[in-house]
Each structure stands twice: as C-alpha cells, then as structure tokens.
Amino acid sequence: MLRRLRYPSYFLPFLFLLILGLLPFIINNEYILQVFIMFLFNAYLASGWNIISGFAGQLSLGHAAFVGIGAYTSTILFVQWGISPWIGMIFGGVIAAIFGWLIGYPVFKLRGPYYALATIAYGEIIRIFIQNTKAVGPIELKGAEGILIPFKGSSPALFQFETKAAYYYVALAMFLLVLLLSYKIKNSKMGYYLSAIGNDQDAAESLGVNTSKMKLTASAISAFVMALGGTFYAQFLLYINPQGVLSGDFSTEIAVIGIIGGEGTVFGPVLGSLILTPLSELTRIYLGGRFAGVHLLAYGLILMAVVTHIPHGVIGTFSKLYHRILLKLGDPVVSAKTGAGKTL
Amino acid sequence: MIILEAKKLTKSFGGLMAVADVSVTVNSGELVGLIGPNGAGKTTLFNMLSGYYKPTTGEVYFRGQDITKLKVFETSDLGIARTFQIVKPFGKMTVLDNVMVGAFAKTGHKKEARDKALEVLDFVGLFNAKDNLAESMTLGGKKRIELARALATEPELLLLDEVVAGLNPSEVKGVIEIIRKICKDKRVTIVMVEHVMQAIMALSDRIIVMNSGRKIAEGTPEEVANNPEVIQAYLGRGMTKSARG
Amino acid sequence: MLKKIGAVTLIGLLTLTGCGSQTGGTNNQGGSSAGVKEVKIGALLPLSGAVAPIGETCKRGQELATEEINAAGGIKSLGGAKLVLDFADSKGDPKVGMSEAERLIMKDKVAVMTGAYQSSVTYPSTQVSEKYKIPYVVPVSVMDDITERGFKYTFRLAPKASWYSRDQVKFAKEMGEQTGSVPKRVALVYENSDWGQSSAKGWNKSVPEAGMEIVLDAPYPSSSSDLTPVILKIKQANPDLILFTSYTSDAILLTNGIAEQKINAMGMIGQGGGHADPEYLKNVGKNAEYGFDLTEWSPDLGKPGVKETNAKFKQKYGVDMNGEAAESYAAMYVIADALERAGSAEPEKIREALAKTKITSGPGMILPYDSIEFDQSGQNIHASLIMVQVNNGQRSTVWPFNAKNPDYKVVWPAPKWTDRK
Amino acid sequence: MQTLIAATLNGLFMGSLYGLIAVGLSLVFGVMKIINFAHGALVMVGMYAVFYMWSLIGLDPYLSLVVVVPVLFLFGYFLQGKVINPVLKREFGRNGHAVILLTVGLTLVLQNAALLFFGAYYKAAKTFVSGMTWDMGGVVTSVPRLIAGVVGAIVILGLQLMLSKTDLGKAIRATGQDREAAGLMGINDYKIYNIAFGLCLAILGIAAALMLPMYYVQPEAGKIFEMRSFVIAVLGGIGSLSGAFYGGLIVGLIESVTAQVWSATAAEMLIFVVFIGVLLYKPSGLLGK
Amino acid sequence: MLEVQEIEAFYGEVQALHKVSIRIEEGEMVGLVGANGAGKSTMLKVISGMMKPASGMIKFEHRVISGLPSHKVVELGVAHVPEGRRLFPLMTVEENLEMGSYLPGPKQERKDTMDMVFSMLPKLKERRKQLAGTLSGGEQQMLAIGRGLMSKPKLLMLDETSLGLAPVLVEAILEIIEQIRKQKISIFMVEQNVTICLQIVDRAYVLENGKIVMEGKGTDLLENDHLKTAYLGL
C-alpha cells in the first residue's frame, strides 16, 4: 500500500485528504475556515440528497424537510431535556428516516416531475406546520420564532466548541463518513439496484429488485444523513428557525449542488459544492454589498452558463481533466484503465 | 415434470378481451414457442405468465406454487426471468454493470456478482464490450445484454419476448445458438414469443399458436406449419404465397 | 469542452476581479491607533430577498450618518479618520448572516459591526462577534433574547420586542381613559414569522392585563397574494381595536381591504415594519388616515436636528426617514462617539467606550428619548417608543402625551368610513 | 353568512386569476414538458412592465396591455429561442434536470436584475377602479378583483378557443403531443416552442395588469404565484387549460374559505395537503387524461 | 426526383447507415426492405429531416434537402408517414388531417383534399370527430396515411404501414396505396413484410446492416435465393 503512494492516482487523493486534515494548521484565518466548513457541509448535504435523487434518480426538491427534522429533534431534546446533541443527532436521524420512509411510501408511486412536485409540497407542509405551531403536547416547537440553543462554552460532550477548527473537524468527519457511505452503497448490491431503478424500473423488477423497498430504504438512509446534517447546522449556528432550516430555497440549493456536480456519482456532489460554495461566497463578497442583487445576478448567470455549456454535471469534464493530469504525471495505474469515469 | 402451468387465463382491458380462457403447460427442460399475429394476445398472455399483469380470472402455477398474485420481483426470486420486446437496458450503466444487477439476485458480494456476470457475458459473446455504456450498444447488443442479465439471475424458467425481432440474419443466427445453448447446456426451460419464423421453427420443441386472444393450435413446428387454420389466420395473403413459392 | 470550462471560469474571474479591485486597497486599519486613516464598520443587512426593502432603508440611514460624520472631519481623536461602511448581504438567511459576519471580521478586519435588521440573523451573527471580541451595535432587531445572553460585545439601541406589544396596548388604554371611548374587543392581526409571533406572545399577555378581550387571533403568511379572507374575518369579529404586526405589502393589502370593507374600529395600531415604511403611505393614500403606528421615530418629533436630518434624507432618497432609518442613523453616531472617546480603532477599546456611552445631545440624538445608555446586558435602557397618527398624509406624534406634537390634536376614535370625505 | 358569501366570491375571483397565471405554466409544461421554475419571476417581470407603463407613460394598467402584451410575447419568444431551446434540444430523452436548473438560474437572474434596476421597494399602480367596491346587500366586493376574476375567465376561454379552433392553436397542441410528427406536418416545431413561451408571457402580462391595481410588485413578488401555479397546474391536469381554470377556482376557494373559517395559515397548509392528496389519488390531475 | 447520395448516419456512436445511395423517379413506387434495425426507418428519417446525416447529400427535384429541418422538407413536397403512425392522440381525426395541411399551400386546398381523403377512406369520415387515440389500429394507420396525403405531396414515404395489422387490414391498406399511386404520387415504402412489399413495388432496395446489398425489380428480388433464406424464414 505505502509503496503504491508513489503513483499519482494514489498520492493525489491522499494529498488532498492530508491538506483537508491539516487545514486548520495551515490556514490561520477563521473566515476561510468558515468557507471550508460551508463547503464540507454543503457537500455533505448534497451527498445525502444524492443517495435518493442521484443513485435512484428520484429528484427531490424538499430535502430541507429532513435537515429540519434533524435540527429540531436534537435541539428540542437538548434544550428541553438536556440530552446531548450527539445522542439527539441519532434520534433525529431515526425520526427523519421514519419520515422518509412514511413519506416515500405513497410518493414513490409518482414518476418524473410529479414526484419532484410532491417533494416540494411535503417540504412546504412541514415548514408551514412548524412555523405555525408553538407546541405539540410537551414538545415546544416555538413556531416561527425558532429555537435558541444556549451556548455553554467549550463542551465537546454537548457538541459545542469554542474554536472554529473543532467544528471544522466535525464537518470533515461527517463529510468523510458520508463519502464512505456513498462509496459503499454505490459499490454494493444496493447501489447497483438503485442505479438499475434509476435507469428502468420495470427491467429492475424483472431481475428480482424489490423496487419500492429499495427506494424506501434509500429514502430512509438519505433522510437519516440529512438529519445528522441538521444537528450540525443547529449546533453550529446555535439557532434554528423554520424559514432558515426548512425553506424551499434551501432544498433547491442542495439539489442544485448535486445536479451541477453530477448526479449519481460519489464525488459529483463534492465537486458541486467545491464549485458553488466558493462561487456563492466570492460573488457575495465582491458584489454583495455594492449593488443590491448583483452577486446573485452573477451567480445566476454563471449557473445558466454552466448548464448550457457543461451538460450533466461537471464531474464528467473534471474526471477527464483529472485523468489527463494523472497521465501527465506518468501514472502507471491509470494509463492501464480506459474509462475515465471509473477513477471516480 | 411440469414447471409452469397456466389455468384458464383471461385478461380484459376495459371490456376488450385480450386473452380468453387460455391454458398452457410447460414441462421442465422444454422450449416452447408462442406465436400469433399482432394483436393475438401473445404479449398479454406472456405478461401474465411473467407476473407483469394480473389475470382477470385464472391462475398461474410455478413448480406447483400459485404465483398468480406475486409481485414481479418475487417471481424472479423463485427462478423466473424475462426479457423485454422493447429492450430496456440500463442505458447509463456499463454492460458489465447491467449484468451484475442480475447476478446480485443470487449473491450479496460484489466480487461474486462480477465473476458471475463476466462468465455470462462470455457465454453470450459480449465479454469484449463489457465496459461500454449499454445505451451505446446496437440493438443486437442490447438484446444480448437482456439475455445475459436474465441469465445472470440463474433462472429455471426463462421467458423471452421477441428476442430476435429486429436483428439481422447473422445476428439472429448468433442469438439462436445462444438460446439453444441456454436450453440444452444450462437446462433452462424457455418460453419464447417470436415473430421471426426462422428462429421459432429452428428452436421450439413445441409451438402454441394464438389468434384473437385464443389458443388455436398447439404442436411440433411441423404440425403447426401445416395446420391450415394457422396458415389462414397467421400467415395471411403474402406469407401463404411465399410459403407456396 | 475544456474550452467551454475555461470560458465560464474566465467570465467568473473577470466578474470577480473586476469588482474586487475596488474593494481592496483600503486596508490599513489595524491595531495601533497611530496613523489610522479610516475605520471599517461591518454592516450586515438583508440586501436581497423578500426583506430587501427594509434592508435598503437601514443602509440609507447608515450611509447618511457616515457621510455627515466624515464631512464633519471624521474621528478627531484619531486624527480625522474616516468611517468606512463595509456592507454585506445576509440574504435574510441566518446561515449566510453568520458566514458574512465571520468574513467581515476575519477577512475585512472591521473594527465594529452593525446590523442585521432581522432578529433571526442578528442573533447568530452577534454570537460570532462575541467570539472574536468585536463590538456589535444593533440598531433595530427587537428579539428580547439578543441582549439576554450575557454577551459583552453586543449593544442594542432598539427597544425589546416585548416593549412594543406592551406599549401598543398601553396607549390604547390611556387613550380610552382620556376620551371615554374605551376599546374592549381587540383583534390581533399579524404576519406569521418570528416577528409577528413574538408580538402575539406579548399581546396575549398585555391585552387581558389591560382588561380587554381578544376577539380575533389572525396570523397570516406575509407573502400572501390576497388577504381578503383575513379582512373579512376582522369584519366578522367587529373589534374596537386592531393591533397589527405587518411587513410592507401585507400592511398595504390590509389597510386597503379594511377601507374597502368599511370596517370601523376606534383604533388601528401598527408597530413599525410595513406601517412605518414610506412606501406604505404612498401606496394606501387616504386609507391610512387616522391609523396609528407605534414606532421608534417620527419626522415631527420636537427635538433639535430632527427636521434638518429628515430634510437631508428626503432630498437624498426621495422619502421620509422612518424608525429603521433613524435608528440605523443614530447607531452610526453611537459608534462614532465611542471611537472618539476610545481614541483608538482597537475593538477592545471601542467596546469599553461603548459600554460607557452616555449621549444626550449632538446630531445623532434624533431619537425620541433624551439619552442613550447601555446597561450591563448591552441594552439601551432609555429606548422608548412613540405613537404616531396619520392625518392628511402626515405622521404626527401623539404619545407619550408629554412628547406629543403640540400642533396636532389626536383623533380617537377614528371616524366611521362613511363619514369620511 | 354575509362574510362567508363574500369570502366565496373573493375566492372565485382570485381563483380565476390564479388559474390564468397557472395556464401559462401548464401550457409551457404541456408543450415543452418543462417544469418552469422561473414562472414566478416571469410574473414579476410582467408586473414591472405594467407598472412602468403606468408610472412612466401614465398608461392605465388595463390599457397598458396594448403595449405590454406584445412586448412580453417577444421577450418570451426570444427567451425560449435563445436561452431554453439550446439546452432543451440537447436534453431530449433525458431526465430534464438540466432544464430545471436552467430555470432556477433564470429566476435568480431575473429577480436580481429587477432588484438592481428597479430597487427593492414595493410599487403599485392605480387604475380608475382602484379601491372601488360593489356593495350587494352587505356583501362587499372589490371591483378590481371582480374585473380580475371575470377577465381572467374570459382570457382562459379565449385561449381555449384559440387552441382548439385556429391552425396555430392546433399546431401548438400537435407539437405538444408529438414534436417530431408535428415537424413532418410542416410545423416549425421550435418556433412553436417559442410561440408557446411567448404566449405564456403574454398571458402573464394580462394577469399582471389585472393584479397590479390590487397588489404590489417587488422583485420577489412572483414567488407566491409560482407555488400556487404548480399546485393548480397539477391539480387540474398539466396541459389542460380548463383544468387550470377549475384548479384555480378550487385553490382560490380553499384559500379564501379556509382562511375565513379557520386561519390564513391553515389555508396555506391545506392547499399543499390537497395537492399531495390529488397527486396520490390521480397524478394526472382532476381533469387530466 | 429524389436522389440520395452516399448518406451516412449515426445514433450516438453507432453507425446506422453506411454510404447509402437511392434513386426514385417521378411516378415510381420504390420499396426498401430489410430486417428491423437494418436502417430502413433511419433512411426515411434522414430524407424527411427528422435526423441529420453525418455525410452525403440528398436532392429532391434537383434541390439539396439534406440538413433541412423536417418542416422545410414537407414544404417541398415530401410527406413522411412515420413508423408507429405518430398521430396526435388527443386531437380529433379531422384536426389530425388539418394538421396535415398546415402549410399555406396545401391549406388553400384543404377542403378539397379532405374530401378526396374521405372518399378514399370513408371510415375516417364516419369518425371525423373522434379522438385519434381512440381509433383502432387499422383506422389509425389509415388516418396516418390520410394525414400524409393532406400535404399534397409529390413523394409519399410510408414506414411500416402493415406492421401490427390483421391480414384483412393489410390488404385494405395495400388497396389504398394502389389508389394513391394512380394519382401520380411517387411512393417510397419501407416494409419489414418483404413479400407484400416486393409484390407491389416497381423497384426495391434491400438494406442489410445499414448497407444496400441488392437492388432490382420487386418480382425479381422475390425470387432471389439470398433474400428467401435471409428474410422469409421457413
């Protein structure tokens, strides 16, 4: 293994990982770290979305609902009953997974645009419900006011840290875990089955694929992942409100990252976030304060340009480029392979 | 031994009787052809046998077990596989990945599935195309992918829906060879719907002829080919002339 | 394909660098006070999105004050250093607001923060500044909790949310006692986001305490395209007093709808936001007559400087100042005052100076109360509210009674619609 | 009781207007199979067009249609031709996510261009009927709403007639049903796409003129109508104009009556609940084929 | 009248036509036979502009039409009745026919042409108000042909007209084609049912794997041994 690190196809990813791992030591600027956290967080969410929308081809435009469920569950458990968000996180994940399953059951009957529209609808229903509900029994949702999370200083056991670097590492860990999960799914029976479903449901059924069970399982896993992200969001901002964590725009944002990057691939969402997060930050930084709206105008134009000129996600273009770089570096492993897409 | 038995199947679509009171038995190891002019109800019958349609009345038994109400993937688990008249490859997946989906029916391990898939690909002659995207294959290639995919599930009964339709003569020959091998070497029972006479005549042990939703004849290829009712109903003007010529 | 990517990237880079070069280059603000030529102030506001109109209003207030301060010679104790506003767009999103605060502080190295209009953005962004020990002056956000977390670097000019609902009811009660027309039946009409809901929480306490009865509790989505059903509900409830918490478009829809349906109530009382938006009066015209608005500020306040400042504002932007603009304006003077006294652009020194703020006069004091002072929690203890009534298209201060416009006589109860001209 | 009648009437009027807006979405979906996420932003564009006709030239919003409708038609025509068609052509036979993304980008561009050029402030136009009401024994109806409801229904009817009686209308339908076959008839299919999108914008222009006397334009003003349109278009069956009209009435009634007997917030949620219910019960919509 | 010179066409990376050349004279009825997937339909699509050829040239009445979009090709007088009929299912029979005469030229004679079509296909007249999608298979095929005739074509291209029809209906369709031929309209027909096709055409091409392998008089080809074994089975 170590010997293989001589090959660029091994040491480049390793180098990338190393840089990510040591980043807080390299960059002593909390703002840049913040941007990196947002990059990891967005990549995490888009990867979670990708499990159902990319792998299984069911375009969801309501995934903020699951982020919200996660954020609300762990936050309520923490604020009202003092349960550590680390534990609440798992609860949130499980509740979101159950939700994903329950919602999926009827909704998966729909195909194409109807499915997408239904996801918008359930996202909105959950947002409107939480926004207008003060409490359900003993559970205080606090409606539109949102829930404030008391900051107890540095207490890792309570998912609260003084330094940005700590949050960074949590985000990095979650990011790596979701990548690992994606990779595992993609390369397992389930991944093949989901892919088959995304291509042709009837044919998949004929090969013994229980399509509805598969989709529900993927939906539940996806929801679980999103919910964990919700807890991170809550603990990072220490404030959640329905207009923020449950908004339709948030859902769209997640989907846009996934689609721009390349649906159904393990690294597509990462690439999407790698491009869109800084793009959104840069346009806002340089254009945001000057003329109202210019930054989003520029962002929108760039988005349109990418869709028009780079079809089906930047991952295809990127992997060709990456492949070429590897060849330039004289990588013996890669040159043997033919399909560039295979390296990702 | 009877492997598949359909009893008095009837299917109507909003008043229109597509299949009326058709019974079929298939013995283990046999290759049965199902023919008839378009609109005769072949595909409907076929879809009931493979579980895609639920019959209006009647039952289907596989190895003595009633499978009438089972879902498609459940019949697949029991050992029934099928191909589609209009090919349905997983276009955005490679040929190998397509077949691996089938192979996963019998294993959860990627490596085992891969080995199985490669073996099947070799069997149908697609080994060299394994890394191509399925959508980039020719029709003949796609038909073979479907065959390979179905085979990879290791079925006992294989239902083939117009598997050589649209292929050129040399391709037809190749596929006929493969089907023969599947039936004789792998001992898989096959029911095939087919338009291409050359294929059906060359392959079938027994042929069932349908017309207007009913079974009108059954027998060996020779018997069927000489049945005047069949010639009249199925072959029509043009074909009868050419049969004479 | 690569060419295409190149082109796209190039467009992106051009857009970025083209404007980037204008922002950079002024960055010589630093730790030591010697040689400070300018002091950067991070202004976080919702400059895009649905709340952008109010974000824009706040921005105008800040800009006007900054221009004045700079024109008057800047910060004298810093050798005439100029104030530079560094705007950032929160998009009204807490997540973005937090990121932007981070950037203003870490990248742009602002000395002071101000903003962020929406409480939901102010709340997490003040937390960021607290962590980096950068003082944050909050001109308008009203959520009570903002100054109830024991933060040392957050200073709020605005009154708390709970004070608003308290004062709306208090005014109606005092008005009734004075005129003999005592309102009994109260309708609560509010947009259903955090702001409206926290108002409703306050009303549910203060209305019964004042001996009145809530006959209608009508939240609505502020994005509604049609509020006729809400208006019809009000009509059916037949209240003496209607209390509003509304943004601009909904305030307009409600006011016009109430006029159309000729719903007669003794008083209709808003609380800033939409009712204080200059666009509101422009759009509803006569239908706003006799309506009340509980606000932080009014152009007819009998205080020195108010008229002149408003005139300047109106000349520059074409509309009157309102509460948000005035508070944002005053906040800049609070910051300037602190800088002056600190004699340094170091955040820590500024914080100490801010904590000792006691402004009683000067151009910044256009707010209705006599003094600005922060308590331990950072809350401006003197912050108070005034009630204005619209008459002849003008907003005139009518309450507290001791601060009312002497030239104006309050109309209570409002005349019936059919009796109006 | 009177208020309930008033709420019902109001619901019908607003519903007819919603229906009109949804017709545009439904038309675009029916012909091009695009879910247009920029629909709301285009409503906003229409409203600004009407507003500036009023404020700059002093044209009454209703009269401004003479100018606004053709201008918006051309805008839609070119938007489809130059921006959407290139991506659409490439995406035939695919899942259509790229086109969705394109319209999301378009939304950002339109909204923020409006913010940049027109500012964030609310703008409203006055017409000779602004604020006028019609009192029928205690049931008070606002005249602009009445006009919006009636004109909305008439326009939908007119459009229906146009699509079913004229050759162009039939060509539009034909293209929606089978683009390639339409080409074989001598129908310039992509031009029909442009025309359909132009028509959509022209309709939105009419809706904008009907709306502006009682509503306000702001860069984000179209969002709510977009959501309503999604619901209505699916409710009535995508591609069906009469479906959009009835769907509009249903949504208008739910909104108005629920807000009346319960709350505006509940109405908001109920609309989506009904929407999901219909989707699950009959995905092709109440009047869909 | 129609000259196809060395046309090549691709589906993605798969080549469907290899340097195919075809000629049709005025008033002639020409057949193109071959198995499904041989490239027959592709040939028609390339001529009518539904697909763009990768190379080669097509001339119709001495005008180059290769590369033109389909609506331009129709305008010149080439009607294509596509495989699978491709009717507008949610429009009535009459509306479908009207669409056939959408172009300004044929539109002027719409009424007359429609009368002619109705007299040739009386069944359609009975069903003129019925939605095309609800017609039976044979009626749909008739409508498809009728719709093609509505554009007053000089050349009518028929793709798999017999496919999926009962023998009785096939005969009916063949009679209609005979009638059309009498009106001096050139016909280019693509058929999988080789026997039928070769019996009625003047001349035919045999397409195999995207290449023309034979050309000749229909009846001559019918006797050809290669063709018999390859396509007629039995």
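Naming: A, B, ... by sequence-line order, numbering from 1 per chain. The model shown is predicted, which means the values in this text are computed figures rather than measured ones. Both backbone and side-chain heavy atoms feed into the values below; hydrogens, waters and symmetry mates do not.
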Review point. Which residue pairs satisfy the salt bridge (charged side-chain N to carboxylate O under 4.0 Å, His left out) criterion with at least one member in residues 306-315 of chain A, sequence neighbours excluded?
Key: none
Check your understanding: Between C/Tyr123 and A/Leu148, is any pair of side-chain heavy atoms under 4.5 Å apart?
Key -> yes
Practice item. Could you tell me whether the side chain of C/Met143 reaches within less than 4.5 Å of the side chain of A/Tyr239, counting heavy atoms only? Key: yes
What residue, out of [options], has the most heavy-atom pairs lying under 4.5 Å from chain A?
options	value
C/Pro219, C/Gly97, C/Ser120	C/Ser120
C/Arg149, C/Lys91, C/Glu56	C/Lys91
C/Val96, C/Leu45, C/Asp93	C/Val96

Can you confirm whether more than 12 heavy atoms, excluding those of [X], are under 6.0 Å from its [atom1] atom?
X	atom1	value
C/Lys316	NZ	yes
A/Phe36	CZ	no
A/Lys142	NZ	no

Distance from [X] atom [atom1] to [Y] atom [atom2], nearest 0.5 Å?
X	Y	atom1	atom2	result
A/Leu296	C/Asp89	CG	CG	6.5 Å
C/Ser48	A/Tyr299	OG	OH	12.5 Å
A/Leu33	C/Glu102	CG	CD	8.5 Å
A/Phe236	C/Ser99	CZ	OG	7.0 Å

Exercise for review: Can you spot which of A/Val245, A/Ile240, A/Leu237 makes a side-chain contact (heavy atoms from CB on, under 4.5 Å) with C/Pro94?
Suggested key: A/Leu237
What part of [X] gets within 4.5 angstrom of chain C, counting heavy atoms only: side chain, backbone, both, or neither?
X	result
A/Leu238	both
A/Phe250	side chain
A/Gln131	both
A/Asn241	side chain

Check your understanding: Could you name the residues of residues 192-204 of chain C that have a heavy atom within less than 4.5 Å of a heavy atom in chain A?
Key -> C/Asn192, C/Ser193, C/Asp194, C/Gln197, C/Ser198, C/Lys201
Exercise for review: Report the residues that fulfil side chain to side chain donor-acceptor pair (under 3.5 Å) with C/Lys152, sequence neighbours left out, ordered by chain and then residue number.
Suggested key: none
Review point. Is C/Arg103 salt-bridged to A/Glu281, cutoff N-O under 4.0 Å?
Key: no
Exercise for review: For the pair A/Glu162 and C/Lys131, find out whether any cationic side-chain nitrogen is under 4.0 Å from an anionic carboxylate oxygen.
Suggested key: no
Exercise for review: Tell me, please, which residues at least two apart from C/Asp144 pass side-chain contact (heavy atoms from CB on, under 4.5 Å).
Suggested key: C/Glu148, C/Lys160, C/Ala161, C/Ser162
